[in-house]
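Shown next, in structure tokens, is the structure this report addresses.
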Amino acid sequence: MAKVVSFSNQKGGVGKTTSCVNIAAQIANKGKKVLMIDMDPQGNATSGLGLPKSKIKNTIYDVIIGRADIKEAIIKTKFKNLSVIPATIDLAGAELELYDLEEMPVNFTQIALDSIKDEFDYIFIDCPPSLGMLTVKALSISDGVVIPMQCEFYSLEGMSQLLNTVKKIRQLYNPELQIVGILLTMYNGRLTLTGQVVAELRKYYSDLLFKVPISRTVRLSEAPSYGEPICYHDPYCKGSLEYAAVAKELQLRI
Ligand code: ADP
Ligand code: MG
């Protein structure tokens, strides 16, 4: 049965998509069967895997509103063991529709996910940069959540907000939701501020921090424009080795 892990942080540009795509590809490349679900209307994770628009027939939006069978929305990528359910901009409209759907007795997404869990080892969900209905839905159907964050002052404020959301989701929908870990991204150890933020994080969330932070590197930022996860784009670069270490730790944590 697949473990379902969301990558979430209400802030944009903190490395959610980069982490989701690269960890998914890394674990798949090492032999596990992995499905990545793009839950962000911007569709960055979809394009980061080099999926041509012409290949997309059904998206996660069709699954959420019960219009398509989830099996028809799954696309095999050219990368080993890695499949994806893509997102396109139509998902932006779902945020509002979901408020109505939430009132319905059936949760299409949960039912759909349950029907494919025995086909994968891991299902990773890339969340949008908000704590709206799409994120609530993703967290409600997840076993765990990874929180990517940058080492900035405002990140600390955002963290308590996000942890509150996790608490609420546990109370309302999903008591088992586990925080898999906080992942430091775009890390630059030479900056004083970075050191201060990391010290704060260690004080409050030491158990939650992944051991290896992800450095800020050009290779990681250019890989999506080639439509390639880093473990294919440049397998032995720093960013690739760091994501490999994090992927290993993630599997031990959940
Ligand atoms: P989010 O999904 O949280 O909005 P992204 O993963 O899209 O964040 O990252 C935001 C931007 O930062 C993207 O352009 C991405 O390529 C870049 N980026 C992410 N991680 C790194 C990194 N470790 N080093 C350099 N650039 C990065
Ligand atoms: Mg993103």
Side-chain angles (χ1 to χ4, degrees), residues 5-26 36-51 59-61 84-89 91-92 94-95 124-132 134-135 137-139 142 145-152 154-159 161-162 165 180-191 193-194 197-198 209-247 249-250:
V5 180
S6 281
F7 286 71
S8 180
N9 187 325
Q10 71 275 25
K11 282 193 71 170
V14 298
K16 287 183 290 298
T17 301
T18 305
S19 302
C20 186
V21 166
N22 288 315
I23 290 171
Q26 170 70 26
M36 196 200 70
I37 300 180
D38 192 348
M39 198 72 119
D40 184 349
Q42 294 177 79
N44 293 152
T46 302
S47 54
L49 289 177
L51 212 68
T59 69
I60 188 64
Y61 174 69
V84 60
I85 299 182
T88 51
I89 195 69
L91 188 58
E95 193 91 31
F124 294 115
I125 306 179
D126 185 31
C127 291
S130 77
L131 295 176
L134 288 171
T135 297
K137 178 159 282 287
L139 296 182
S142 292
V145 54
V146 171
I147 305 172
M149 70 172 278
Q150 272 182 281
C151 301
E152 291 172 346
Y154 290 120
S155 310
L156 293 170
E157 293 187 352
M159 187 57 59
Q161 212 180 340
L162 182 50
T165 303
V180 179
I182 298 171
L183 176 60
L184 298 177
T185 59
M186 296 177 240
Y187 183 86
N188 181 348
R190 282 173 301 184
L191 296 178
L193 179 63
T194 299
V197 172
V198 172
L209 277 185
F210 277 96
K211 286 196 197 77
V212 176
I214 304 296
S215 304
R216 181 184 287 278
T217 71
V218 174
R219 292 308 244 177
L220 281 171
S221 60
E222 75 185 11
S225 62
Y226 294 87
E228 286 176 342
I230 197 69
C231 62
Y232 292 92
H233 184 62
D234 190 349
Y236 299 106
C237 74
K238 196 170 183 205
S240 181
L241 298 176
E242 288 168 351
Y243 269 118
V246 171
E249 190 178 352
L250 181 147

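Indexing begins at 1, ligand by ligand and atom by atom, following the structure's order. One-based numbering along the sequence shown.
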Practice task
To the nearest 0.5 Å, tell me how far Ile147 CD1 sits from Leu184 CG.
Solution key: 11.5 Å
Problem - Tally, protein N/O/S atoms nearer to the Mg ion (ligand 2) than 2.8 Å - result: 1
Fill in the blank from the handout: In chain-and-number order, ligand 1 lies under 4.0 Å from a heavy atom of each of Gly12, Gly13, Val14, Gly15, Lys16, Thr17, Thr18, Met186, Ile214, Ser215, Arg216, Thr217, Leu220, Ser221
Handout entry: Residues forming a ring-ring contact (aromatic ring centres under 6.0 Å, His included) with Phe7, sequence neighbours excluded
Key = Phe124
Show the atom names and distances, to 0.1 Å, of all donor-acceptor pairs under 3.5 Å that link a side chain in residues 211-219 to residues at least two apart or in another chain.
unit_1: Ser215; atom_1: OG; unit_2: Lys238; atom_2: NZ; d: 3.4
unit_1: Ser215; atom_1: OG; unit_2: Glu242; atom_2: OE1; d: 3.4
unit_1: Ser215; atom_1: OG; unit_2: Glu242; atom_2: OE2; d: 2.7
unit_1: Thr217; atom_1: OG1; unit_2: Leu220; atom_2: N; d: 3.4
unit_1: Arg219; atom_1: NE; unit_2: Asp234; atom_2: OD2; d: 2.8
unit_1: Arg219; atom_1: NH1; unit_2: Glu222; atom_2: OE2; d: 2.3
unit_1: Arg219; atom_1: NH2; unit_2: Asp234; atom_2: OD2; d: 3.1

Practice task
Would you check, one step at a time, whether the test side-chain contact (heavy atoms from CB on, under 4.5 Å) holds for Ser142 with Ile125?
Solution key: CA-CA 8 Å; Ser142 292; Ile125 306 179; 4.0 Å; yes
Exercise for the section: Among Pro229, Cys231, Ser19, find the one that has a side-chain contact (heavy atoms from CB on, under 4.5 Å) with Tyr243. Expected result: Ser19
Problem - Asp126 CG to Asp40 CG distance, which is reported to the nearest 0.5 Å - result: 6.0 Å
Completion exercise
Rounded to the nearest 0.5 angstrom, the OG1-CE distance for Thr194 and Met186 is 12.0 Å
Practice task
Without swapping roles, check the side chain of Ser155 against the backbone of Glu152 for a donor-acceptor pair under 3.5 Å.
Solution key: yes
Problem - Check: Ala45 main-chain N/O paired with Thr17 side-chain donor or acceptor under 3.5 Å - result: no
